[in-house]
Each structure stands twice: as C-alpha cells, then as structure tokens.
Amino acid sequence: MSRVLGEAVERVGEEVRVERGALGPVEFWRGQSRYLVGELLDSWVETSPWWRRDPASGGASADLVAPREVWRVEAVRAGRSRTDFAGVFDLSWDAAGNRWWLVRVHD
C-alpha cells in the first residue's frame with residue numbers, strides 16, 4: 001500500500017531537500033530528519049494528468065504538463081539500522097520550480 005502526499009490540496013507532494021549523486025538521490029531531509037538512500041529501486045519520467053486544466057487560459061498549464069523525474073528509493077532514517085526500519089519513498093525533481101518533492105511513501 002502507498003500513501004500519496006499532498007493530493008487532497010492539489011500539491012505535488014511534500015517539499016524536501018535532496019542530495020543527488022551521479023545515479024540519483026543519495027540522501028534527503030524531511031523536516032529535521034535525514035534519510036540515507038540505501039538502494040535505488042526504479043526511476044521514470046512522468047507528467048501530471050492532462051485533464052487538469054488551467055481555467056484562466058482554457059488549456060493545460062505548462063507546469064501541469066511539464067515532465068518530472070521520479071526516483072523510487074529505499075531509505076532509512078540516519079542513525080537507524082537498515083534492518084531496523086527501511087522505507088520506500090518516491091522522490092520527484094521539479095526542474096521548472098528547481099525543487100524536490102516527496103510524492104509517495106510506500107508501506
């Protein structure tokens with residue numbers, strides 16, 4: 001089961017700080033907590049649903065149809081053992097906004 005963050009308020013997710021390496025995220029900060037990425041599970045590019053329209057322009061907003069990169073990672077909170085608790089998180093890079101989002105947490 002997974003939990004999508006921010007969907008009820010029409011946001012992309014929860015903004016986070018991310019340290020990115022050559023292959024993708026290596027650690028991220030959610031509030032005051034730091035998470036270390038143990039494994040990159042998958043990555044892909046997606047766009048927001050095409051049916052969400054910008055009512056002012058009568059068409060799809062450029063922000064809504066702009067592609068974003070998503071990484072699914074297994075990570076553990078810094079200071080904890082991986083065997084203790086590791087979670088699966090989807091991190092998204094919004095190039096247009098120059099920021100990272102935590103978009104899903106998988107149980």
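Only a predicted model underlies this, so the values are computations on that prediction, with no experimental measurement involved.
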>> In this structure, would F28 and W93 fall into the same cluster of hydrophobic residues linked by side-chain contacts under 4.5 Å?
In response: yes
> Would V18 and V105 show up in the same hydrophobic cluster when neighbours are defined by side-chain heavy atoms closer than 4.5 Å?
Replying inline: yes
>> Among residues at least two apart in sequence or on other chains, which ones pass side-chain hydrogen bond (donor to acceptor under 3.5 Å, both in side chains) with W29?
In response: none
>> If the condition is side-chain hydrogen bond (donor to acceptor under 3.5 Å, both in side chains), which residues does E27 pass it with, not counting sequence neighbours?
In response: R34
>> Less than 4.0 angstrom from a charged side-chain N to a carboxylate O is my criterion; do D94 and R99 meet it?
In response: yes
>> Whether R104 and D90 form a salt bridge (side-chain N of Lys/Arg under 4.0 Å from carboxylate O of Asp/Glu) is what I want to check.
In response: yes
To the nearest 0.5 Å, how far apart are [atom1] in [X] and [atom2] in [Y]?
| X | Y | atom1 | atom2 | answer |
| --- | --- | --- | --- | --- |
| L91 | E14 | CG | CD | 10.5 Å |
| W100 | E19 | CH2 | CD | 10.5 Å |
| W71 | L40 | CH2 | CG | 9.0 Å |

>> If you define the side chain from C-beta out and look only at heavy atoms, does anything of P25 sit under 4.5 Å from F89?
In response: no
